[in-house]
Amino acid sequence: MGRDTIADIITSIRNADMHRKGTVQIASTNITENIVKILLREGFIENVRKHQENKNNKYVLVLTLRHRRNRKAPTRTRTILNLKQISRPGLRIYSNYQRIPRILGGMGIVILSTSRGIMTDREARLEGIGGEILCYIW
């Protein structure tokens, strides 16, 4: 069985945000790099570095999370970054470009895997292509 790398990214970022960590390390693959580029471009994270581990010569991505100044609310009631995995290895969810959902009326983003690469819902609607819905971020 293979690993679900998208679930690993989402869980790592969500856990680091809940525990107010500054950085997150995730394994570097083509899919994770494309998703992280979208997160950086949309402003959900501040910075990304590619770092090589000395032990086994594999690369990891070190993400610097964006922090908000007034974080006085309790952790349970306040969530800064919401991520939800939609398509998973046991159940793939596909959508054409007309039926791609809008998250919070366009405030959030949907990340899709299309025939032209991984892109956001806005880009897919502009190009008129659908694909597999990977996750929602708001």
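Looking at S28 and V60, their side chains never come closer than 4.5 Å, going by heavy atoms from C-beta outward. Taking 4.5 Å as the limit, every side-chain heavy atom of D8 sits out of range of all side-chain heavy atoms of I26. Side-chain atoms of L63 and N47, non-hydrogen and from C-beta on, never get closer than 4.5 Å to each other. By the 4.5 Å heavy-atom criterion applied to side chains, M18 and N15 are counted as neighbours. Between Y97 and I129, every side-chain heavy-atom pair lies at or beyond the 4.5 Å cut-off. Taking 4.5 Å as the limit, every side-chain heavy atom of I109 sits out of range of all side-chain heavy atoms of I103. A 4.5 Å side-chain heavy-atom check between I38 and F44 finds every atom pair outside the cut-off. Proximity of N34 to T32: side-chain heavy atoms (C-beta onward) are nowhere separated by under 4.5 Å.
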Criterion salt bridge (charged side-chain N to carboxylate O under 4.0 Å, His left out) on R88 and E132, from CA distance to verdict: CA-CA 10 Å; R88 50 192 173 91; E132 181 183 354; over 6 Å; no

Applying side-chain contact (heavy atoms from CB on, under 4.5 Å), run through L65 and T23 and close with a yes or a no. CA-CA 6 Å; L65 299 178; T23 60; over 6 Å; no

Quick one, L112 with I118, criterion side-chain contact (heavy atoms from CB on, under 4.5 Å). Give me CA distance, side-chain angles, the key distance, then yes/no. CA-CA 6 Å; L112 297 147; I118 295 178; over 6 Å; no

One pair to check against side-chain contact (heavy atoms from CB on, under 4.5 Å): Q85 and L134. What are the steps and the verdict? CA-CA 6 Å; Q85 182 182 13; L134 299 178; over 6 Å; no

side-chain contact (heavy atoms from CB on, under 4.5 Å) for E127 and R122? Distances and angles first, verdict last. CA-CA 9 Å; E127 293 192 23; R122 287 180 222 112; over 6 Å; no

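Between I35 atom CD1 and I9 atom CD1 the span is 4.5 Å, to the nearest 0.5 Å. Summarising the geometry, atom CD belonging to E33 is positioned 7.0 Å from atom OG1 belonging to T29; distances are rounded to the nearest 0.5 Å. Distance check, rounded to the nearest 0.5 Å: CD of E53 to NZ of K58 gives 9.0 Å. Here CE of M119 is found 9.0 Å from OG of S113. Values are rounded to the nearest 0.5 Å. Distance check: I86 CD1 to I10 CD1 gives 8.5 Å after rounding to the nearest 0.5 Å. Atom CZ of R92 sits about 5.0 Å away from atom OG of S87, to the nearest 0.5 Å.
The neighbour count for R41 CZ, taken as heavy atoms of other residues, nucleotides or ligands under 6.0 Å away, is above 12. Within 6.0 Å of CG in N56 there are more than 12 heavy atoms belonging to other residues, nucleotides or ligands. Within a 6.0 Å radius of CG in N30, other residues, nucleotides and ligands contribute 12 heavy atoms or fewer.
Here the rule is side chain to side chain contact (heavy atoms under 4.5 Å, CB included) with R49, and of T64, V62, L61 only V62 fits it.
Between I133 and Y136 the shortest heavy-atom distance is CG2-CE2, 3.9 Å. For R14 against L83, the heavy-atom pair with the smallest separation is NH2-O, 2.9 Å. Closest of all the heavy-atom pairs between D121 and P101 is OD2-O, 3.9 Å.
Judged by the 6.0 Å distance and 45° axis criteria, K50 is positioned over the aromatic ring of Y59.
Side-chain polar atoms of T120 and E42 form no donor-acceptor pair below 3.5 angstrom.
There is a path of hydrophobic side-chain contacts, each under 4.5 Å, that joins W138 to I93.
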